[in-house]
Amino acid sequence: MSIVAAGMVLCGSNNVFDVECSDGIIRRCSIKGKKLKDSGGNTTGYYNPLAPGDTVDIESASPDDFQAQIRALRPRKNAFVRWNLKGRAPQILAANVDYVVLVTTPDEPPFRPRFIDRALVQAEHDGVTPLIASNKCDLPFSAGMEERLSLWQSLGYRTLRASAKSGAGLAELKEILSGKLSVFAGQSGVGKSSLINALGTARSQKTGKLSEKYNRGNHTTSKGVLLRLGDMAIIDTPGVRRFIPFGIEPGELAWYFPEMRPLAGQCAFGLSCSHTVETGCAVLEALKAGRLDKERYESWRRMYAGLETGDWGD
């Protein structure tokens with residue numbers, strides 16, 4: 001007699017997943033029939049069929065069996081996605097999340113605002129609330145970083161300063177994430193795993209020293225994993241060099257920039273305007289008048305080119 005129950009995916013690779021089941025047991029699960037039942041088409045064409053945070057139906061031979069099969073994926077509230085350049089397919093980083101915590105640093109590795117801008121666009125597209133966490137706040141912040149943080153705040157994005165080393169900002173971060181399921185994302189070396197470890201007792205994630213040769217972080221989290229920390233649930237993700245958005249048409253991109261959204265429909269050429277050369281473009285007029293930040297516009301322009309050509313540079 002088979003036992004059917006619900007469970008949440010904690011981690012997995014090669015179509016084998018650890019699932020936290022409703023009876024409290026974590027079972028090692030494979031996909032029944034090698035093809036996941038999914039009436040919503042949420043797994044078609046993706047690099048990975050399931051991600052941490054997914055809710056699934058599992059089937060086991062008995063309640064005491066620590067191995068089971070995944071029968072079906074339940075509908076997702078949302079999914080935070082990126083384009084996996086190596087796999088040439090979209091990759092689901094996390095599912096059913098309340099927050100995406102975008103971790104950045106003033107240095108070690110260097111501050112990369114365009115990485116955050118791309119992830120903010122994806123969060124807007126995927127319906128996930130972003131939070132920008134500046135880790136290693138014990139290091140000096142450049143004037144450029146201070147300006148960008150202030151700009152993000154003025155656009156309605158929540159930011160905070162934290163330090164896994166000193167504990168600064170951790171109480172505020174805990175308060176925000178309490179009772180929520182969140183995913184941490186950022187480039188390699190920004191200290192996502194160190195921040196998560198500092199937030200509370202859980203299965204520790206391996207952390208590593210920054211690669212001195214390239215001033216970039218080593219990949220210390222090899223796959224996404226959901227961790228329980230008191231009343232918080234946090235998904236740690238591998239660091240990436242580049243965050244490439246997915247599922248957004250070039251002409252739609254302006255709608256995911258809060259400062260450009262109200263301007264996009266006011267152009268003389270309407271929604272067909274490229275916001276680059278046209279006379280009567282409300283976006284270019286705002287840029288010329290200083291009402292639109294030049295760096296954010298440049299971030300949008302580069303993203304537009306990447307979405308249009310598929311060439312994301314270095």
Side-chain angles (χ1 to χ4, degrees), residues 38 40-54 73 75-85 87-104 112-133 148 151-153 155-159 180-187 224 235 237-238 240 242-265 271-275 283 292-293 295-312:
D38 169 27
N42 292 313
T43 63
T44 305
Y46 283 91
Y47 179 78
N48 53 326
L50 295 171
D54 266 327
L73 169 67
R76 292 180 175 128
K77 177 176 71 174
N78 56 40
F80 186 60
V81 182
R82 73 171 180 117
W83 177 256
N84 186 308
L85 192 60
R88 304 302 302 171
Q91 178 183 9
I92 307 166
L93 298 178
N96 302 313
V97 292
D98 301 296
Y99 283 100
V100 54
V101 181
L102 304 175
V103 184
T104 187
R112 289 179 58 195
R114 290 196 178 103
F115 183 106
I116 301 297
D117 282 341
R118 292 178 185 182
L120 286 171
V121 163
Q122 192 69 53
E124 293 265 3
H125 176 267
D126 294 342
V128 182
T129 301
L131 168 66
I132 302 166
R148 184 55 69 95
L151 177 60
W152 282 327
Q153 284 182 311
L155 295 173
Y157 296 116
R158 189 166 188 173
T159 69
K180 306 295 184 182
L181 172 57
S182 307
V183 56
F184 278 51
Q187 68 185 102
I235 297 169
T237 63
V240 294
R242 285 176 289 173
F243 190 100
I244 300 178
F246 171 75
I248 301 167
E249 294 296 327
E252 300 173 347
L253 182 61
W255 295 95
Y256 299 110
F257 277 68
E259 67 271 47
M260 293 178 67
R261 191 181 300 134
L263 300 171
L271 298 180
S272 63
C273 185
S274 71
H275 313 306
V283 171
L292 186 64
D293 182 80
E295 286 299 316
R296 279 278 288 179
Y297 175 79
E298 179 65 14
S299 192
W300 168 85
R301 190 191 66 79
R302 292 193 183 196
M303 251 185 279
Y304 186 96
L307 291 171
E308 193 171 43
T309 66
D311 182 6
W312 292 91

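Just so we're clear, the structure is a prediction, and the values are computed from it rather than from any experiment.
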Closest approach of [X] to [Y] (non-hydrogen atoms, all atoms of both residues):
X	Y	result
P238	G224	CD-N, 3.7 Å
P258	E124	CG-OE2, 3.8 Å
A95	D54	CB-OD1, 3.2 Å
A89	G45	CB-O, 4.0 Å
A119	L102	CB-CD2, 3.6 Å
S182	V97	C-CG1, 4.4 Å

Is the ring pair F246/W83 parallel, tilted or perpendicular, if the boundaries are 30 and 60 degrees? parallel
Looking at [atom1] of [X] and [atom2] of [Y], how far apart are the two atoms once the value is rounded to the nearest 0.5 Å?
X	Y	atom1	atom2	answer
I235	F80	CD1	CZ	11.0 Å
R76	D126	CZ	CG	11.0 Å
T104	Q187	OG1	CD	6.5 Å
N78	I92	CG	CD1	11.0 Å
I244	Q91	CD1	CD	11.5 Å
L93	F184	CG	CZ	14.0 Å

Any side-chain heavy-atom pair from [X] and [Y] closer than 4.5 angstrom?
X	Y	value
R112	F243	no
W312	R118	yes
I132	L120	yes
P245	M303	yes
I248	W255	no
W300	L253	yes
R296	L155	yes
V128	Q122	no

Can you tell me if NZ on K180 sees more than 12 non-hydrogen neighbours from other groups inside 6.0 Å? no
Is the OH atom of Y304 crowded by more than 12 outside heavy atoms at less than 6.0 Å? yes
Decide whether W152 and D117 meet the rule of one side-chain donor and one side-chain acceptor closer than 3.5 Å. yes
Please confirm whether the backbone N or O of L181 pairs with a side-chain atom of D98, one donor and one acceptor, at under 3.5 Å? yes
